[in-house]
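Below: the structure, in structure tokens.
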Amino acid sequence: MSLQLDVDLQRDDFQLQLTGTLPSDGVTAIYGPSGAGKTTLLRWIAGLEKSAAGELRFRDEVWQDHQRFIPTHQRQIAYVFQDARLFPHLNVEGNLAYAYQRRFNQQGPSPTQVGDWLGITALLAHFPGQLSSGQQQRVAIARALLSSPKILLMDEPLGSLDKPAGQKILHHLQALRQHINIPVLYVSHDIEELSRIAQHLLILEQGRMIEQGALMDLCSRLELSLSHEENAASVISASILNHDTHYGLSELAIDSSHRLFLAASPGEINDNIRLRIPARDVSIALSASTDSSILNILPCTIDSIEQTGESRILVRLKLEQQFLLARLTKKSADKLQLAVGQRVYAQIKTAALLNEGSPHE
Amino acid sequence: MSLQLDVDLQRDDFQLQLTGTLPSDGVTAIYGPSGAGKTTLLRWIAGLEKSAAGELRFRDEVWQDHQRFIPTHQRQIAYVFQDARLFPHLNVEGNLAYAYQRRFNQQGPSPTQVGDWLGITALLAHFPGQLSSGQQQRVAIARALLSSPKILLMDEPLGSLDKPAGQKILHHLQALRQHINIPVLYVSHDIEELSRIAQHLLILEQGRMIEQGALMDLCSRLELSLSHEENAASVISASILNHDTHYGLSELAIDSSHRLFLAASPGEINDNIRLRIPARDVSIALSASTDSSILNILPCTIDSIEQTGESRILVRLKLEQQFLLARLTKKSADKLQLAVGQRVYAQIKTAALLNEGSPHE
Amino acid sequence: MRSLIEMNSMLSAADLAAIVVTLKLATITTIILLLVGLPIAWWLANTRVRAKPLVEAIVALPLVLPPTVLGFYLLLAFAPDSPVGQLWQYLGGEQLAFSFSALVIGSVIYSLPFAVQPLQASFEQLPKSLLEAAATMGANGRDQFFSIILPLSRRGIIGAASLGFAHTVGEFGVILMIGGNIPGETQVLSIALYDRVETLQYSSAHWMAGGLIVFSLLLLGFIYRFNKTASLYPAGRVRS
Amino acid sequence: MRSLIEMNSMLSAADLAAIVVTLKLATITTIILLLVGLPIAWWLANTRVRAKPLVEAIVALPLVLPPTVLGFYLLLAFAPDSPVGQLWQYLGGEQLAFSFSALVIGSVIYSLPFAVQPLQASFEQLPKSLLEAAATMGANGRDQFFSIILPLSRRGIIGAASLGFAHTVGEFGVILMIGGNIPGETQVLSIALYDRVETLQYSSAHWMAGGLIVFSLLLLGFIYRFNKTASLYPAGRVRS
Amino acid sequence: NADTATIATAANFKPTLQRLAAVFEQQTPHQLTLVGASTGTLFNQIRQGAPFDLLLAADSERPARLEQLGFAIAGSRFTYAEGRLALIGYPAGRDLNPASLRAELTTGRGKLAIANPNTAPYGLAARQALEALALWPLAQGRLVRANNIAQAFQYVDSGNASLGLVAYAQVIHSPRAHWLLPARQYQPIRQQAILLQFGHRNQAAIDFMHFLTSPPAKDIIRHHGYAVAD
Ligand SMILES: Nc1ncnc2c1ncn2[C@@H]1O[C@H](COP(=O)(O)OP(=O)(O)OP(=O)(O)O)[C@@H](O)[C@H]1O
Ligand SMILES: Nc1ncnc2c1ncn2[C@@H]1O[C@H](COP(=O)(O)OP(=O)(O)OP(=O)(O)O)[C@@H](O)[C@H]1O
Ligand SMILES: [Mg+2]
Ligand SMILES: [Mg+2]
């Protein structure tokens with residue numbers, strides 16, 4: 001069960017060349033700077049780059065090799081394009097119906113449901129030319145979901161949406177994926193968005209695959225450029241211990257010796273959930289303070305320290321099995337005389353934790 | 001010196017109706033959910049919505065009233081459209097030259113400079129159809145800058161760009177604005193981006209203006225929906241006291257009694273700069289701890305406390321004149337028994353401060 | 001009063017027959033023009049064959065021959081002992097020349113450029129991106145053609161149909177040559193009108209020309225009313 | 001060998017003159033067609049006047065009249081004592097009928113629909129959003145027309161020019177009527193060719209028709225080679 | 001034994017033929033269908049098997065060719081009418097005679113309309129007449145050549161040409177002034193009829209051919225401006 005790819009595609013001065021196997025379940029994020037080849041890769045997988053040589057296998061089907069080429073319309077994919085590509089002669093309802101009538105599978109959601117999720121029910125009679133960019137993009141997502149595809153390709157689907165709207169859509173996407181398990185390839189340049197939804201990550205740069213693997217591993221590995229970015233974060237998994245309804249908090253177990261409080265999580269007791277903890281939200285103390293609003297103070301060991309800029313360092317903290325990243329000023333590190341192997345306390349502002357970690361599969 | 005508007009525009013079930021005066025210098029951010037009318041407002045200001053009734057005055061020129069209508073091409077504006085709108089028959093160089101040849105002012109930057117800022121120099125020979133979305137958007141921004149307009153209208157100009165690229169562009173935009181003072185109307189749904197660049201904020205919802213004013217005021221006023229959002233933050237101004245080159249830090253004075261450390265800021269000693277401090281990055285302690293990596297611990301008074309969700313509260317902290325926002329769990333608040341008027345310490349992770357606050361005008 | 005009587009007296013049975021033949025011819029020709037023109041135009045719009053300009057030129061060729069001369073060559077081609085004539089008879093047809101079928105064939109050939117050009121232009125300006133989108137939703141080529149290409153090419157189809165129709169109504173040289181001007185079968189309005197002018201029956205010719213113009217004006221005006229593609233793309237809000 | 005001699009003997013001085021007149025006529029007509037057709041097509045593509053379908057129908061009207069009949073009415077209009085004829089003479093013209101100018105006017109009127117239709121279709125399919133973008137960069141209407149509209153309508157312009165040219169080369173009824181077949185001035189190739197067929201000089205006619213076809217094929221093929229709009233929009237990557 | 005015949009006729013004779021056909025249809029049970037076009041067109045169509053029974057051509061050459069080629073019944077050819085040439089002018093009332101023709105060509109500025117001598121028999125006759133009057137070289141710059149005799153008339157009638165050599169048949173019943181050219185100035189325009197292969201058993205066509213030579217028919221033909229031998 002996987003998506004095996006081997007592509008070599010030349011375009012003037014740009015070359016997309018990569019070989020690899022992506023998991024064919026869960027959400028695989030494709031990340032990379034502008035012009036890295038993310039769209040080109042998605043297009044090739046969709047069968048829209050006919051001229052490219054390569055091999056592509058989805059689960060047990062060959063989609064492309066040196067003798068076969070399954071055309072796009074037989075691949076049973078759905079594609080949310082970076083530009084919305086709504087059909088200008090059909091209104092929103094017609095656009096949705098277009099996909100729904102041709103859906104690949106009877107199990108998917110109905111237009112009414114999807115329209116509801118994406119908040120476009122009031123727009124059904126509008127033509128694409130009468131929609132705002134964000135509205136167009138939501139209709140495009142709705143249309144793709146209605147196809148009930150075997151795999152969903154999404155190219156910056158939330159690019160022109162505000163945060164709350166985007167989060168609502170991500171939430172529904174999660175819910176849908178739990179219901180009917182469609183793998184998703186998800187292009188985005190927003191790390192926060194990615195780590196919220198993806199289990200797997202592929203990093204592209206100048207048409208080459210820089211790194212590929214489970215999101216959790218990649219996020220906390222210091223040598224990757226990813227963790228040097230403004231948004232560097234660790235992703236850790238935890239299980240729900242109990243829900244404190246009075247304070248609207250959930251208590252989580254990271255491992256046998258570490259507990260964490262989190263704004264009420266949607267899961268059941270014992271569910272595994274994932275947390276994204278931005279490095280900049282983690283501070284280090286030598287003792288566990290008691291008169292601070294910071295609820296989560298976890299004992300841990302300094303695993304490594306790396307200087308990431310003129311004034312800042314990134315500290316990797318080891319819990320039992322998992323790692324936290326903390327970003328500090330060099331000045332603080334000197335003041336506290338931090339060293340590898342030292343026992344310290346990681347302070348995590350509770351409210352800073354993501355409250356929509358996606359369940360493991 | 002201002003942009004006075006009074007518009008009433010009906011479109012099926014959408015109505016844009018607002019009256020107000022925007023400053024005609026600095027950056028004014030237009031913020032609002034998808035479909036709020038941001039694009040429509042910008043189009044109207046540009047003279048692209050000819051059918052709309054209304055009055056519009058830019059500085060001492062009348063652009064539209066009941067008898068006059070200055071057409072778009074005479075308004076000396078530049079517009080970065082939400083879709084890039086590059087001319088498909090011209091390559092990147094041709095697109096840039098198109099704007100440059102028709103520029104409204106001789107003082108602006110040259111195509112070489114702008115191409116450099118936006119990282120598109122290698123793409124000059126490409127046609128728009130050969131560019132990635134992000135590349136198209138960068139060319140569109142470059143094109144607008146080359147017009148050397150009297151006012152710059154930007155509709156989600158960084159929508160399809162990754163963070164580092166976006167930040168680089170914002171940086172150049174800042175620099176350019178310091179050099180030739182063009183007012184900017186900047187539509188975005190990314191609060192962080194907005195507060196980085198804008199001095200003024202206009203919040204639109206369903207075609208109405210919800211709020212309008214200086215960004216710093218709006219950000220810390222609790223009653224606004226803005227501060228309830230995930231990204232709520234306060235923006236405060238401070239002046240540079242000195243630069244610590246060893247640690248790459250700058251020391252800032254917020255007021256006579258509050259100091260703050262910040263990763264080396266680009267300004268000169270005594271420069272005023274602006275800082276965005278996200279509410280979630282601020283924690284509260286009853287005493288000033290000394291063994292923590294948190295460098296900035298400011299004494300302050302609790303001004304107000306508001307419950308913003310099931311489990312969270314937002315605390316407004318008064319420094320001397322300015323305010324900080326802190327987001328805490330209810331549990332922490334109870335634990336510390338926080339009350340209005342109480343003296344507490346605000347802990348701000350240094351590294352979390354923005355290092356590119358834009359200078360006041 | 002006088003004019004009504006005059007008009008009445010001028011519309012002989014033969015004229016009525018000519019009107020019927022003309023409308024029938026123009027309608028059938030237009031339909032065939034679309035059926036033949038659509039695939040040719042689609043192919044031309046999409047092919048990367050190097051000979052494409054040549055094929056385009058060949059399609060436009062009937063235009064450069066004077067109609068009567070074109071008709072003359074068609075007449076040669078339609079002769080019972082020519083390959084085309086033989087084939088036609090083999091397929092069960094009567095003699096081709098001087099039949100209504102011949103008129104249809106001749107008109108189609110003569111008007112083909114007017115049908116192919118607007119269709120091809122429409123097809124070429126069609127955003128391919130929409131076809132890609134349709135393909136991802138499972139639409140095969142045929143499906144795409146009917147669900148996306150045709151509706152978005154309405155402009156070109158209306159252009160092709162109206163030019164084809166009008167040109168067939170007015171056509172005369174080719175038809176005269178291969179039709180033989182036989183009343184009730186191959187005598188069309190344009191020839192009847194031509195006859196009036198040639199035989200100096202001016203007032204009758206004026207009436208007939210006037211009627212033709214008014215009728216065509218109404219019909220074309222009606223066709224063009226459906227030509228509102230533009231309203232689907234309000235200025236500046238299209239995202240292809 | 002034989003054929004060369006034959007050909008030589010057939011291309012009389014009059015024929016050569018006819019070739020020159022034809023090329024001159026077709027070229028001038030095509031240029032004027034574009035000059036006249038562009039504004040009409042632009043207006044039609046953008047107007048919201050309710051009578052637009054009517055105007056479109058009027059433009060297409062010359063097609064529904066048989067060319068000779070159209071020519072006949074033009075002849076009436078060109079007469080020295082008609083208003084048009086008077087105006088022409090007032091403007092310093094010689095007699096209009098039987099002059100080269102008359103041919104040009106007649107050809108332009110007759111071919112106008114073929115020019116306006118493709119241009120209008122191109123204009124209507126032009127994304128208005130690009131014009132808005134140009135306007136924000138300070139381009140006024142005229143500037144937009146030359147810098148954006150024209151280059152992006154190349155498809156339509158080539159279509160209009162090629163149809164107009166070919167149609168004028170082949171035109172015959174109108175020209176015959178208003179030209180008076182004066183060698184070197186108004187005798188065109190199509191009439192010469194028609195004469196051959198009428199007077200049963202078949203082999204000469206074949207040669208002439210063949211030459212015309214080959215020449216037109218080359219010329220049209222050459223024109224269509226510039227018709228590569230498509231390459232500007234690689235599949236699926238256009239963002240209008 | 002009523003029959004239907006299709007008669008192909010040179011366009012210039014069609015009005016006369018309509019009159020003849022009306023009389024003929026009154027006298028006999030037959031029905032006639034009339035098809036008018038230029039003689040050259042009709043010739044080409046007949047060669048390609050057009051369903052015409054009888055041809056009334058505008059000349060004698062093409063019927064002869066048809067006979068030669070076997071598309072027509074040998075020996076059925078005869079002259080049914082002789083065309084006559086008339087000079088007309090614009091405005092309608094002006095003086096018309098050889099002198100005024102010469103004056104117009106030397107000092108006037110108007111055009112002289114004739115049918116195309118290469119394709120139309122009346123055009124050939126017009127050329128012969130001008131040659132006989134020694135005006136042919138003088139006329140060169142002033143000639144406009146119509147496709148057929150009807151157009152030549154229209155050129156003058158519309159005022160675009162000031163003089164025209166047209167068929168007498170076109171002007172005989174009009175109030176417009178004309179000068180009938182003497183028959184000796186040009187070769188006779190012999191309009192011949194011939195029974196076509198297609199109609200060789202068509203009784204209506206055969207009867208009509210005979211009718212054409214009958215005195216009442218000749219009267220009608222003469223009345224329309226043609227000369228007919230007795
Ligand atoms: N038709 C083409 N001809 C030449 N180069 C092309 C063509 N199409 C794309 N490219 C180049 O290929 C590279 C990858 O483009 P692609 O659209 O895949 O980037 P991307 O990763 O999706 O970027 P973005 O985040 O900006 O959308 C770009 O550098 C682009 O310039
Ligand atoms: N031509 C039109 N006809 C009817 N309604 C329209 C038309 N154009 C825009 N609208 C409506 O006007 C509202 C405002 O659109 P606008 O594009 O200004 O939104 P926006 O704030 O820019 O949104 P986004 O962030 O999604 O780009 C939307 O609800 C849209 O549906
Ligand atoms: Mg992309
Ligand atoms: Mg918008």
Side-chain angles (χ1 to χ4, degrees), chain C residues 45 52-54 56-58 60-61 63-70 72-73 113-114 117-118 120-122 124-125 127-129 132 155-156 159 162-163 166-167 169-173 190-191 193-194 197 205 209 212-213 216-217 220-222 224-225 227 229-230 233 235-240, chain D residues 45 52-54 56-58 60-61 63-69 72-73 113-114 117-118 121-122 124-125 127-129 132 155-156 159 162-163 166-167 169-173 190-191 193-194 197 205 209 212-213 216-217 219-225 227 229-230 233 235-240:
Chain C
K52 176 181 159 180
L54 198 73
E56 289 179 286
I58 289 175
L61 260 198
L63 279 184
V64 302
L65 286 183
T68 342
V69 176
L70 178 67
F72 172 66
Y73 284 110
F114 307 131
Q117 277 268 7
Q120 187 187 343
S122 267
E124 282 176 1
Q125 297 196 351
K128 298 289 174 297
S129 59
E132 292 187 351
R155 180 70 192 72
S162 60
L163 284 185
H167 198 240
V169 167
E171 216 321 85
F172 146 83
S190 58
I191 297 181
L193 178 51
Y194 171 78
V197 174
L212 190 62
I213 285 180
S216 307
L217 211 52
L220 290 174
F222 183 75
Y224 287 126
R225 283 209 44 191
N227 202 354
T229 328
Y233 304 96
R237 294 204 148 256
V238 192
R239 266 198 145 213
S240 79
Chain D
K52 176 182 160 180
L54 196 74
E56 288 180 284
I58 290 175
L61 262 197
L63 279 185
V64 303
L65 285 183
T68 342
V69 175
F72 171 65
Y73 285 109
F114 308 131
Q117 276 269 5
S122 267
E124 282 177 2
Q125 298 197 352
K128 299 291 173 297
S129 59
E132 293 189 349
R155 180 69 191 75
S162 61
L163 284 185
H167 199 240
V169 168
E171 215 321 88
F172 150 81
S190 58
I191 298 182
L193 179 51
Y194 170 80
V197 175
L212 191 59
I213 285 181
S216 307
L217 211 52
L219 183 77
L220 290 174
F222 183 74
I223 293 180
Y224 287 126
R225 282 209 47 191
N227 200 354
T229 327
Y233 303 95
R237 295 203 148 257
V238 192
R239 269 199 142 211
S240 79

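Reminder, nothing fancy here: chain letters follow the sequence lines and each chain counts from 1.
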Taking C-beta and beyond as the side chain, do D/Ser162 and C/Glu56 meet within less than 4.5 Å on heavy atoms? no

Looking at D/Gln125 and D/Pro127, would you say the former's side chain and the latter's main chain have a donor-acceptor pair under 3.5 Å? no

What residue in C/Leu54, C/Leu70, C/Leu212, C/Leu61 has the most heavy-atom pairs under 4.5 Å with chain D? C/Leu61

Is it the backbone or the side chain of C/Phe72 that comes under 4.5 Å from a heavy atom of chain D, or both, or neither? side chain

Which one of D/Pro118, D/Ala166, D/Gly156 has the most heavy-atom pairs closer than 4.5 Å to chain C? D/Ala166

Hey, could you give me the CD1/CG distance between C/Ile213 and C/Leu220, rounded to the nearest 0.5 Å? 11.5 Å

Between D/Val169, D/Leu217, D/Ile191, which shows the greatest number of heavy-atom pairs under 4.5 Å with chain C? D/Leu217

Of all of D/Leu163, D/Val197, D/Ile58, which one pairs up most often with chain C through heavy atoms under 4.5 Å apart? D/Leu163

Which bit of C/Phe222 comes within less than 4.5 Å of chain D, counting heavy atoms only: side chain, backbone, both or neither? neither

Answer yes or no: is there a side-chain heavy-atom contact under 4.5 Å between D/Phe172 and D/Pro67? no

Do you know which of C/Pro113, C/Gly221, C/Pro66 has the most heavy-atom pairs with chain D at a distance under 4.5 angstrom? C/Pro66

What's the shortest heavy-atom distance between C/Ala209 and D/Leu65, and which atoms? CB-CD2, 4.3 Å

Scanning both residues in full, the closest heavy-atom pair of D/Ala121 with C/Arg155 reads N-NH2, 3.7 Å

With a 4.5 angstrom heavy-atom cut-off, could you sort out which part of C/Ser122 is near chain D: side chain, backbone, both or neither? both

